[in-house]
Amino acid sequence: MNLSEITNDLNDKQCQSVTFNNEKNALILAGAGSGKTRVLTHRIAYLITQKDIRIDAILAVTFTNKAATEMRERLSTLLRRPIQSMWMGTFHSLAHRLLRTHYEKSKLTSGFQILDAQDQFRIVKRLMKENSIDESKFPIKKVQWFINNQKNEDIRAQDIDPDYNYFIKKNLEVFELYEAYCQENDLIDFAELLIRSYELLKNNTDLLNHYQARFEHILVDEFQDTNTVQYKWIKLLFNGHNKIFCVGDDDQSIYGWRGAKIENITKLCTDFTPIETIRLKQNYRSTGNILNASNALITHNVNRMGKSLWTDAGNGELIDVYEARTETDEANYVISNIQKLITNGASPSDCSILYRFNAQSRIFEEALIKYNIPYIIYGGLKFFEYTEIKDALSYLRLIENSADNVAFERVVNFPTRGIGNVTVKKIRTFAQDNHTSLFQAAIQISSILPTRAANALSSFINLIKQITDDTKHLNLSEKVTNLLNTSGLIMHYSNDKIGSKKENLKKLITITKQYNHEQDNKMSEVMGFISLTSLDSSGNTNASINQNVQLMTIHSAKGLEFPCVFLVGMEEDLFPSRQSKNEPHLTDEERRLCYVGMTRAMKKLSLSYAIKRFLYGQSLYAYPSRFLNEIPSKYLNKIKAKFGATIQNYNDDNTFNKNITPKSDDQISIGALVKHAKFGLGTVLNFEGQGDSTRVQIKFKQVGTKWLINSYANLEFI
DNA sequence: CTCACCCCCGTTTTT
DNA sequence: CGGGGGTGAG
C-alpha cells in the first residue's frame, strides 16, 4: 500500500497529524466534526504500512465499545485485512484483558467476575443493612459514588484517614466492607478493573517492562475524558522510547462529574515530552451560522486551550430560537416542524431531539405519537441490563461457576420457589462461617432446615445440577436455550402482558448464536460471553436507526451528527441545571454540553425554551437559558408563540404557531376554528396539498387530533 | 411469600 | 406527576 492511499482525502492538518514525525509524542486537538476518528484510523494505517510497525506493537484506546468497533472496522477496510489480534478497545476491556492474562498476580482466581453498577448497588445496600448503617443518613447511591470516586482517583481504603470527619468515617466503613466482600468473592467492579490493572503493572516491574517494550505506539481517543487512573495507566506504560498519540477536544469534556479530568489534556504536554500539538480546526459538519454560534458560546468558558473552528460550507440558515409558553407548546412546535421537514422530503432519522435529561423525552414522545411520526428513544436501560436478561445470565453464570455468589443470590428464589429471606440468610451465614460458596453452603445446610425450606432448597440445587449436567457438552446458545426452559424463566415471563420480556429472552438466544468466541483469550465460550455482557451492555447486534426521529440526552449524542437538531428545554435551572448554576466550573461543563449539542447539527438547528414548565408535579416559571444570551443575535431567528400577550389568555387548543407556519389558503388557515358534523369543534393545526386533495390537520375538542381530506370532511369554517 | 398501598424523590451514565 | 422501593397485612 502506498502513502497516497492513506493521505488521499485528508486536508493539510489531518495529513500532518497522520504522517506525524515518529520521534515525538502528539496531541491532536480535534474540534467537533473535524474528522478525528479518521485521523486516528489513518494514523494507525500509516504506522503499519509506512513505518513497518507490527500490529502487536500498537495499543489503541477508546472510551466506548461503539468507537472501538467502528475504528476496528474502518482500519480493517483500509488495510484490507483482519486485525483481530490488535490491542484495540476501551480502557475497561483492555484492563480486563490484562487481568485475565495475569489474574494470579492480581490476587484473583481465573473465574473472577465483573460487577456492573446494579450488582454493586445491591451489594453495598446489603452490606449497609447487615452492619446497621443508616440509609437515610448515608444514601446507598452516595456511598456507591464515594467508593467509585476514590478508586477513580487511585485512592484505596487504607489511604483514607478515618478521623477526617464523620461522613468520611462512615463511608470508609462501607468501603472497607465492600472491598473485603469483593476480594472474598472474586468480584471486580468497573473502577476496580482500571485501578487493579494499573496496580498490576505498577507492582510488577517485569510485566511493566514487557508491555512498555511491546507497545511502541499508544493511541488514545477522547483524551479529555480520561480520569486519574486512566491517565496514570497510560503514563505508566510510557517509558520515553514508545510514542503517545492522543486525540481530544477540551471543549467537549462533559464527563467531569464522573471523574474525568479535563486538565489531563494539559498535563499531557508536560508529562509526555517531547510533544507537539496540532489543531484540527476545519469543520466538515455544520453550516457557518451553526459553527459561529457554537464558537461564540464556548468563548464564554475560561481556561480553554483555545481553538476556533471554521468551515467553507457557507452560512446556511439562521438558528431558530423558539419561546414556548409551556412544555406542551414547545413539543408541538418541535414536532410540527419535524412534520414539515418530513413533508419537504427529509427522513425522520435526519431529525433528532436533544435534551438535558431523560425525563424530558416524554412530552415529545406524546406529540410524536399524536402526529404519527416514528421515533426511537435512546437511554434508560441497556439490553443486558434488563431484569429478564440478567436473570437468564445469572443462571448461565451459576452453571458455569457454582461459586458465583452474586448469580446465586439473584436466582435462588427466582422464579419463586419458596426459598425466603430467612433461608437465604442462613445460607449466607453458613457460607461465611465455613468459607465456602453459597451454593456449597446450600447443599450442606439442607439437613438442618425446616422440611418445607429444605425441600424447596434441594429442588433448586437439583435444578442447577440438572442443567449443568444436561448442557455440559452443548454450545453457548444451546445452553441458554436449555436453561431458559428448564429454569422456568420462559414460563414465568410468558405471563408478561406486554410480551416484550419473552421477546427479549428470545433475542438473547439470537445474540448468543451470533457471538463469535476468540480462542486466544484463555476464557471458555461462556465466560467470554458473560464478560462481554458486562463490558458492553448495549446488546447491539446491528443497531439500525431505520426511519425514526431520534430522541436522546446530549450526553449520548456525543460523537453523532444529524442534519436537523432540536435542542430543547433551554431554560435556567434546567440547562444549565439547577445544581450547576452557582458553581463556575460546573456551569462551564454545562456550556460545553450545550456546545456539544449545537455542534451535532449539520444543516438546521433549533433551540427552544418554555416560559412555564410542568415538572415534578408543579408548574414553574423559568428564564431563558443564559446560553441563549451568549450567542450573538445575528445568528439567530427569534420566534415567539403569539396568541395573546399573557399566559392567562393562552389557550392550549391554539398552540399552533401562525407565525411559524405562515401558510394560508383562501379558505383554510392555521388556527382557524372549524366545525365537523361528527367530531364537533376543532382548531386547524396544519394543512398540506391543494384543491380537492388538501389534507387538514385538526385538533378536536372531544376526539383529539386528526388528519382529514378537506373535500370529504365538509368542514364548516367559523 | 405476595400483593397492595404509600411514601419518597427527582442531572447527565461511554464502562 | 410517576416509578421504585419499602412495609405491613393476609
Side-chain angles (χ1 to χ4, degrees), chain A residues 61-70 89-96 114-118 120-122 125 129 135-136 139-141 144-145 148 151-152 188-194 197 221-222 224-227 229-230 252-260 327 354-360 362-363 378-382 384-385 387 413-424 452-453 456 531-538 540 552-560 569 573-581 586 589-590 592-594 596-597 613-620:
Chain A
V61 194
T62 63
F63 269 80
T64 64
N65 291 295
K66 204 174 146 206
T69 313
E70 192 181 322
T90 63
F91 273 103
H92 296 265
S93 69
L94 295 168
H96 178 239
I114 299 166
L115 215 51
D116 70 15
Q118 268 178 53
Q120 185 186 42
F121 181 88
R122 280 164 196 264
K125 180 176 170 181
K129 272 231 165 81
E135 270 179 45
S136 60
I140 305 162
K141 276 255 152 62
Q144 186 184 13
W145 188 81
N148 291 330
K151 294 210 249 186
N152 283 335
I188 301 286
D189 60 47
F190 289 135
E192 187 72 24
L193 277 171
L194 300 176
S197 74
D221 194 10
E222 307 272 22
Q224 77 282 354
D225 288 334
T226 50
N227 67 29
V229 171
Q230 287 163 336
Q252 292 188 68
S253 162
I254 54 176
Y255 284 103
W257 51 275
R258 243 172 75 147
E327 75 284 353
L354 306 181
Y355 34 79
R356 180 63 241 269
F357 64 100
N358 289 118
Q360 289 172 265
R362 239 192 70 187
I363 187 89
Y378 293 87
L381 287 182
K382 305 271 179 57
F384 291 125
E385 289 167 357
T387 47
N413 193 34
F414 191 86
T416 44
R417 51 175 69 85
I419 302 169
N421 228 308
V422 182
T423 310
V424 175
R452 204 159 53 131
S531 301
L532 175 92
T533 64
S534 319
L535 288 171
D536 182 4
S537 52
S538 66
N540 280 340
M552 66 188 88
T553 62
I554 308 168
H555 281 94
S556 24
K558 189 170 162 200
L560 305 176
D573 285 0
L574 205 63
F575 193 25
S577 72
R578 186 153 35 118
Q579 34 287 78
S580 319
K581 68 171 175 183
L586 293 181
E589 181 153 312
E590 297 280 305
R592 291 193 292 270
L593 190 58
C594 186
V596 168
R613 180 176 294 273
F614 196 74
L615 197 67
Y616 301 143
Q618 55 181 335
S619 248
L620 291 170

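A, B, ... follow the sequence lines: proteins, then strands. Residue 1 opens every chain. Because the structure is predicted, anything quoted here is derived from the model rather than measured. Every heavy atom of this structure was used, including side-chain atoms; hydrogens, water molecules and symmetry mates were not.
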Shorter than 3.5 Å, N or O on both sides, protein versus nucleotides 1-4 of chain B: list them out with atom names.
from: B:dC1; atom 1: OP1; to: A:N413; atom 2: ND2; distance (Å): 3.1
from: B:dC1; atom 1: OP2; to: A:N421; atom 2: N; distance (Å): 3.0
from: B:dT2; atom 1: OP1; to: A:T416; atom 2: OG1; distance (Å): 2.4

Between [X] (side chain only) and [Y] (backbone N and O only), is there a donor and an acceptor less than 3.5 Å apart?
| X | Y | value |
| --- | --- | --- |
| A:S577 | A:L574 | no |
| A:N413 | A:I419 | yes |
| A:S537 | A:S534 | no |
| A:Q144 | A:A117 | yes |

Are [X] and [Y] packed together at the side-chain level, in the sense that at least one heavy-atom pair is separated by less than 4.5 angstrom?
| X | Y | result |
| --- | --- | --- |
| A:D189 | A:I114 | no |
| A:R613 | A:S619 | no |
| A:R452 | A:T423 | no |

Interatomic distance, A:R613 CZ vs C:dC1 C1' [rounded to whole Å]
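After rounding, the gap between these two atoms is 14 Å.
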Starting at atom NZ of A:K141, determine the distance to atom P of C:dG4, rounded to an integer number of angstrom.
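That distance rounds to 11 Å.
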Residues [X] and [Y] bridged, charged N to O under 4.0 Å:
| X | Y | answer |
| --- | --- | --- |
| A:K558 | A:E222 | yes |
| A:R356 | A:E590 | yes |
| A:R592 | A:E589 | yes |

If the C1' atom of B:dT12 is compared with that of C:dG5, how far apart are they to the nearest Å?
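23 Å, rounded to whole Å.
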Between B:dT11 and C:dG6 - C1' atom distance, rounded Å:
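Those two atoms are separated by 25 Å.
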How are the rings of A:W257 and A:H555 set relative to one another: parallel (under 30°), tilted (30 to 60°) or perpendicular (over 60°)?
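Correct class here is perpendicular.
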Sub-3.5 Å pairs of nitrogen or oxygen atoms, protein against nucleotides 6-8 of chain C:
from: C:dG6; atom 1: OP1; to: A:K125; atom 2: NZ; distance (Å): 2.2

What is the per-nucleotide protein-contact pattern of nucleotides 10-15 of chain B, from the 5' end, where B denotes a base atom under 4.0 Å from a protein heavy atom, S denotes such proximity for sugar-phosphate atoms only, and - denotes neither?
BBBBBB
Taking the chi torsion of B:dT11, is it syn (within 90° of 0) or anti (everything else)?
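Judged by the O4'-C1' to base torsion, B:dT11 sits in syn, the angle falling within 90° of 0.
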